[in-house]
Amino acid sequence: MSTLNSVGHPTSRIDAVKRVTGTATYTGDLRLEGMLYARVLRSPHPHARIRRVDLSKAQSLPGVKAILTRENCDIVWGSGDTRNKRYLFNNPVRFVGDAVAAVAAIDRHTAEEATRLIEVEYEPLPFVLEPEDALKSDAPEIQPGGNLSPNNQGKREPEVYRRGNIDEGLRAADHVFEEQYSSAHINNAQLEPRVAIAQWQGGRLTVYASTQGISNCHTEIARDLGLKPEQVRVVCQFMGGGFGNKNQCHDFDLMAAMLAKQAGAPVKLEFTRKEDFIAVHGRWPTKQYYKIGVRNDGTLTAIQLRGYSGMGPYRKGAGGIGGIEIYQCAHVERAVHPVYTNKAVSANLRGPDYPQGVFGLESLIDDIAYKLQMDPVEFRLKNMTRKFLDQTPYTSIGLEDCLRRGAEAFEWKKRWNPAPGSAPGPLKRGAGMGMGSFVSSLGRSSAVIDLDSQGMYHVHVGVTDVGTAAKTTMALIAAESLGVPLERINIIWGDTDRCPYSVGESGSRTTTHTGYAVMEAAKDLKKQLAEKGMPKGTDMLTATANTNPTIPGVARYSFVAHFAEVEVDTDLGHVRVTKYVAAHDSGRVVNPLTATSQVKGGATMGIGMALHEELLYDRASGQPLTAGYYGARVMTHRDTPEIEVVWVETEEPYGPYGAKTLGEPTIIPSVAAVANAIYNAIGKRVKDLPITRDKILGVLA
Amino acid sequence: MKSFANVNARDVKDAVNKLREPNAVVVGGGSDLLGMVKDHLVQPDVLVNLKTIRGLDQIAAKGPEIHIGGQITLDTLSHNSMIRGDYTVLAEAAESVATPQIRNAGTLAGNVCQRPWCWYYRNNFPCFKNGGSKCFSITGENQFHAIFGGGPSFIVHPSDTAPALVALDAKFRVAGPSGERTLAAADFFALPKVNAARENVLGKDEILVSVSLPKTAKGTRSTYHKVLDREAWTHAVVSAAMVLEMDQQVCKRARIVLGGVAPIPWRLQKVEAILAGQQITPELAAKAGEAAVEGANPLAKNRYKVPLTRNLVRRTLLEMVA
Ligand SMILES: Cc1cc2nc3c(=O)[nH]c(=O)nc-3n(C[C@H](O)[C@H](O)[C@H](O)COP(=O)(O)OP(=O)(O)OC[C@H]3O[C@@H](n4cnc5c(N)ncnc54)[C@H](O)[C@@H]3O)c2cc1C
């Protein structure tokens, strides 16, 4: 691969000093003149009809400036549910945490006290927590029409994918394996809680948001509030993480706007940590039933999956169970049922469909490899995908190298135990692995570059930088494309008044979509510069690119294989990850420093999902019990192993300098790798996430 | 959060007086209490701050005893060389608490007197601890609940330092409106069948002032082993505080107290008797492990605590004589 001047060199974030010295102004740090503070009253019931709301006591509390309920605010939050009408305040309320009212007051405590003075008469309704229970004929109906959420065609049928003929595939098998797995509802758990500050100036609304996408947030606020796009401005200068649940516009953005309107003053609405676990979406819990057919020589003949995803009572899209596309197999059938339940809402969390799906699939594949007495890495090398869905060629594929080079760096042959659980003594080590892929899309985005007479290039991009170092990535791509040093690049980001459209920072799209627009704008600027020469005085040269590349007939994917070694203390049921190697094909790596951080972060999240995290519910009452960092047992630094990253830089013809996607693939096979390592250590398999001590001691008993 | 007044206590007497104000609650480091106020678990009108009492954060030798002021922070306690040397179990217990931030703020008295961390209590269920008359764990999510001494409430005592103090035969000095009293650590904690609403014998306007430790006998070694579900920032699933008085290879006297298994620090007198006067061999340690879980009464989801406790006791013993 050719060497470049800026792209490909490890580079510190352009805002690193601000971030680590506390001078970066995050949304929650802003204080506007006369700003009020808001709090939300939430349903204590998993399902209830609201009979009556009495605001009189709350209204007469000194310092209360505005109160919203369904009575005076019937705004529909468009992206809160793509199938049903989800209001800002719903009646009936459908989960513990569903919003009932919002109050703005002179300070947080007054606002909170006011929420406690609102008298609500609830009529509790029957509720259901588990997706399969919710599909039973006597289950309470959560949304009109039934609890199976409609598919993409609007039909109440599961989402189905088929190729070949599953029965034929199962008949062709020498062995058929059948197994079931489950995964838990977990939370995005980003450090920065949800926060929005809304301010009206005349008829114009500014929302200081904590968002993964100023552009989609902007469009949707305008749509949901019935405003013209030019009446709305969205600003997000520093962002404290989201992992998928701060994309688009959110109910708190809209509530802050409506409270500010009613109060005639700017309003800040910030969630508590508990609200940030129960009142926002997390990863959907799943139940997965697999049937896999295989020949004696290890060739896969059939993969069948019937799955159930618990979406909570509203469906923000999503709900799939991914993973089967990493295998070559003639006969495949997948039917996934996204189901309404009375638990917290589920939607995108880093690699939405995959870590849980790959956990189930790769657990069973692992079992099959053992049964056939094949090395799990060899089994995967034999059966891994070669064309997307066995049909469409990939633009580039480094999966084989991820497997081979990852295994080598990990010393797989040395660490993997061909006879699981056979090591003597209570401390047992084991090795496991898993693989995955993730679409590396190309698509619409924009960039504007201004060149001033001092030779500074002002690059306007609508990114907010969710922690991925997107600003720095854009600067590197701009410097490379313009052929100038990084110091000559000034990135302008995070403000819809100053930046053009950018794709939301979700789907791991920013580098490839917006980075490509930056390249195209740079090309144009260089041409202009050659024609017109340097601008003089206050003049500027301006280049704009609105790009939307398409690549028909090919599939563009990133690939990944992770390898984990664990030590299980079988006396105590304790698991420690002792070695971890992550091999990634993301095409050319734009910034190896921050890319490595992405991998470490993703793998760490996956280890937490494998071993600890769960939003656990009390079955009798439908109340969540483990909301927050303490209860969810999110990983700490001490839990995090050394993570070694192996880059498999394929020659990729598309995307900026051949870069493919990275942020989300980093978590995809990590859960499976850890689960398989535990099996390799103890010779017993835990099939339900998270793999906690009680389950480990349970299977060992 | 409901608003409240903070009043600083001058001395112990003043603190006790101020506690008589209606709806007054005592606060040490506030590392737990403030969170509970925010969660509406406690709704005080007045917080009586003990941190302003001079000298109550000191460690001092008085005759054969060591006196530790209740306001000492867990961090200071865990780094004190006398504690580390002679009362290792207490230093290790203090060091195992939560996170550095919490240990910097949290006090020994606050740690001993902390309320349960049962998720039903902490999520405001109307349980015994919240003024109700039910324990929701019995038929609910009870994976972290008691296998000994449960009923009618099945919480486990959350403090890491408490088992260590019981194992060291500490004495607790308690002050109240009618003066001060001193109790053995083991008598400070109370089972739910005595009072399901509380975890100890402190009256509403009493405070824990200090603890004192007897001089350790020659040949004493001690340790605290905590099993926790991530490497930091969480309470013990099960823990063992062990103090062994050794004469060469022979264990003259043992004190073994468990955390995380019962509503109070759970002393294993039977195991202590098995060990007394014996050489701790792998066989004896295994026997001790078996005896440790005799009479365990697990609920539906905490059966794993039985083998866990058995193995923890056996292994900790062996490690101590290794
Ligand atoms: C996230 C988190 C994790 C934790 N993990 C652990 C852990 O692993 N192990 C562990 O042992 N503890 C743990 N704790 C609890 C921790 O021990 C306490 O936060 C701390 O030790 C309490 O000390 P404090 O001085 O801050 O107490 P405060 O917060 O001031 O008070 C705690 C309680 O004790 C009462 N109290 C305080 N002082 C006295 C006194 N002198 N007399 C009578 N009552 C008093 C208060 O009224 C209150 O009910 C954790 C706490 C948190 C928040």
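We name chains A, B, ... by the order of the sequence lines, and we start the count at 1 in each one. Since the model is a prediction, treat every value here as computed from it, not as a measurement.
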Next item on the list: Identify which part of B:Arg303 has an atom lying under 4.5 Å from any heavy atom of chain A, answering side chain, backbone, both or neither.
Entry: neither
Check: Can you name the nearest heavy-atom pair linking B:Arg84 to B:Thr88, along with the distance?
Finding: O-OG1, 3.0 Å
Check: Run the salt bridge (charged side-chain N to carboxylate O under 4.0 Å, His left out) check on A:Arg194 and A:Glu270 step by step: do they pass?
Finding: CA-CA 6 Å; A:Arg194 268 116 211 303; A:Glu270 185 173 32; over 6 Å; no
Checklist line | Contacting region of A:Pro426 [heavy-atom separation from chain B under 4.5 Å] | finding: side chain
Item checked: Interchain contact, A:Tyr629 with chain B, by part (heavy-atom threshold 4.5 Å) -> both
Next item on the list: Check the pair A:Arg693, B:Tyr304 against side chain to side chain donor-acceptor pair (under 3.5 Å), reporting the backbone distance first and the verdict last.
Entry: CA-CA 8 Å; A:Arg693 184 187 311 279; B:Tyr304 72 99; 5.9 Å; no
Margin query: Please classify the contact between B:Phe144 and chain A as side chain, backbone, both or neither, with a heavy-atom cut-off of under 4.5 Å.
Written below: side chain
Next item on the list: Below 4.5 Å from any heavy atom of chain B, which atoms of A:Arg108 appear? Answer side chain, backbone, both or neither.
Entry: neither
Item checked: chain B contact via A:Lys695 - which portion, at a heavy-atom distance below 4.5 Å -> neither
Item checked: chain A contacts, top residue of B:Val238, B:Asn124, B:Asp229 (heavy-atom pairs, under 4.5 Å) -> B:Asp229
Item checked: Structural part of B:Lys305 lying under 4.5 Å from a heavy atom of chain A -> neither
Notebook entry, point to check: Which one of B:Lys301, B:Gln143, B:His40 has the most heavy-atom pairs closer than 4.5 Å to chain A?
Noted result: B:His40
Checklist line | B:Arg310 versus chain A, the contacting section by heavy-atom distance below 4.5 Å | finding: neither
Next item on the list: Examine whether an atom of A:Thr692 lies under 4.5 Å from a heavy atom of chain B, and if so say whether it belongs to the side chain, the backbone or both; otherwise answer neither.
Entry: neither
Checklist line | Among B:Met36, B:Glu199, B:His235, side-chain contact (heavy atoms from CB on, under 4.5 Å) partner for B:Gln114 | finding: B:His235
Margin query: Return the CG to CZ distance between A:Leu616 and A:Arg633, rounded to the nearest 0.5 Å.
Written below: 9.0 Å
Check: Would A:Ser182 and A:Asp688 count as having a side-chain donor-acceptor pair, cut-off 3.5 Å?
Finding: yes
Note to self: Between A:Arg619, A:Arg576, A:Lys274, A:Met635, who has the most heavy-atom pairs with chain B when the cutoff is under 4.5 Å?
What the structure shows: A:Arg619
Check: Going by distance alone, is a donor N or O of one side chain under 3.5 Å from an acceptor N or O of the other, for A:Asp618 and B:Tyr120?
Finding: yes
Notebook entry, point to check: Just by distance, with hydrogens left out, do A:Gln190 and A:Asp276 show a side-chain donor and acceptor under 3.5 Å apart?
Noted result: yes
Next item on the list: Heavy atoms only, distances under 4.5 angstrom: which of A:Thr272, A:Leu697, A:Leu572 has the most pairs with chain B? Name it, please.
Entry: A:Leu572
Next item on the list: Assess the side chains of A:Glu565 and A:Thr578: does a donor N or O sit below 3.5 Å from an acceptor N or O?
Entry: yes
